[in-house]
Amino acid sequence: MPRKPDVIRPSLLHMSIPEDVRAKLDLYLFSELEGRVPKGAYQRFFTERIQEFFGWRRLDLAPYGLPPGFFVSGPKEMLDHLETHLKGNTQ
């Protein structure tokens, strides 16, 4: 049975990253069962990180009494609700 074509076609991207970062990524993605990094693992990893970059935001918690440098990251809608909640509890 032939495979259906992807609705959104993949686009080839060549990139270089520092060796130490690549080593960490390889260890993270490595499958003991397969004895290697599974096919598609790099694509899934980078696609998820890119989607987080565009769909998430970062909320600085210093205005809510936490020390500078404390923050949370997550989906924009979730952090909008959290910020509204925090503003309601601090005013």
Side-chain angles (χ1 to χ4, degrees):
M1 175 185 258
R3 204 181 116 207
K4 291 182 181 178
D6 293 329
V7 174
I8 300 173
R9 294 184 339 200
S11 174
L12 192 58
L13 172 68
H14 294 278
M15 60 184 276
S16 296
I17 58 175
E19 285 182 345
D20 63 326
V21 174
R22 171 68 187 267
K24 288 178 188 176
L25 182 59
D26 289 347
L27 288 172
Y28 178 76
L29 297 175
F30 187 82
S31 166
E32 292 286 338
L33 182 65
E34 294 186 39
R36 63 184 178 93
V37 174
K39 181 177 177 160
Y42 293 108
Q43 180 183 19
R44 280 189 301 280
F45 179 84
F46 285 111
T47 299
E48 289 170 3
R49 300 299 78 76
I50 292 167
Q51 288 172 336
E52 286 173 6
F53 178 82
F54 287 112
W56 287 28
R57 77 178 186 100
R58 186 171 162 164
L59 176 63
D60 182 5
L61 297 175
Y64 307 105
L66 284 112
F70 280 58
F71 65 89
V72 292
S73 295
K76 290 177 183 177
E77 300 81 21
M78 180 189 75
L79 290 186
D80 289 344
H81 288 303
L82 177 60
E83 190 170 26
T84 300
H85 179 75
L86 290 171
K87 286 179 179 176
N89 288 340
T90 59
Q91 295 176 350

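These numbers come from the heavy atoms of this one structure, side chains and all, not from hydrogens, waters or symmetry mates.
Met15 is connected to Val21 through a chain of hydrophobic side-chain contacts under 4.5 Å among Ile, Leu, Val, Met, Phe, Trp and Tyr, so both are in one cluster. Hydrophobic clustering of Ile, Leu, Val, Met, Phe, Trp and Tyr side chains at less than 4.5 Å, counting indirect connections, keeps Trp56 apart from Leu59. Leu27 and Val37 fall into different hydrophobic clusters, where Ile, Leu, Val, Met, Phe, Trp and Tyr are joined by side-chain heavy atoms under 4.5 Å apart, directly or via other members.
Closest approach of Met78 to Ser73, counting heavy atoms only: CE-O, 4.4 Å. Taking every heavy atom of both residues into account, Asp60 and Ala62 meet most closely at OD1-N, 3.0 Å. When all heavy atoms are compared, the tightest approach of Ser31 to Pro38 is CB-CG, 3.6 Å. The two residues Lys76 and Phe54 come nearest to each other via the heavy atoms NZ-O, 3.4 Å.
Applying the 6.0 Å contact sphere to CD1 of Ile17 captures more than 12 heavy atoms from other residues, nucleotides or ligands.
Distance check, rounded to the nearest 0.5 Å: OG1 of Thr47 to CD of Glu52 gives 11.0 Å. Atoms CD and CG, on Glu83 and Leu61 in that order, are 9.5 Å from each other to the nearest 0.5 Å. To the nearest 0.5 Å, atoms OH (Tyr42) and CG (Leu13) are separated by 14.5 Å.
The salt bridge (charged side-chain N to carboxylate O under 4.0 Å, His left out) contacts involving residues 6-23 comprise Arg3-Asp6, Arg22-Asp26, where partners must be two or more places apart or lie in separate chains. Applying the salt bridge (charged side-chain N to carboxylate O under 4.0 Å, His left out) test to every pair with at least one member in residues 28-46, sequence neighbours left out, gives these pairs: Glu34-Arg36.
For the pair Leu25/Phe46, a side-chain contact is recorded, criterion being any heavy-atom separation below 4.5 Å from C-beta on.
Remark: Gln43 pairs with no residue by the side chain to side chain donor-acceptor pair (under 3.5 Å) rule, at least two apart or across chains.
In this structure, Arg49 forms a cation-pi arrangement with Phe45, its terminal cationic atom sitting closer than 6.0 Å to the ring centre and no more than 45° off the ring axis.
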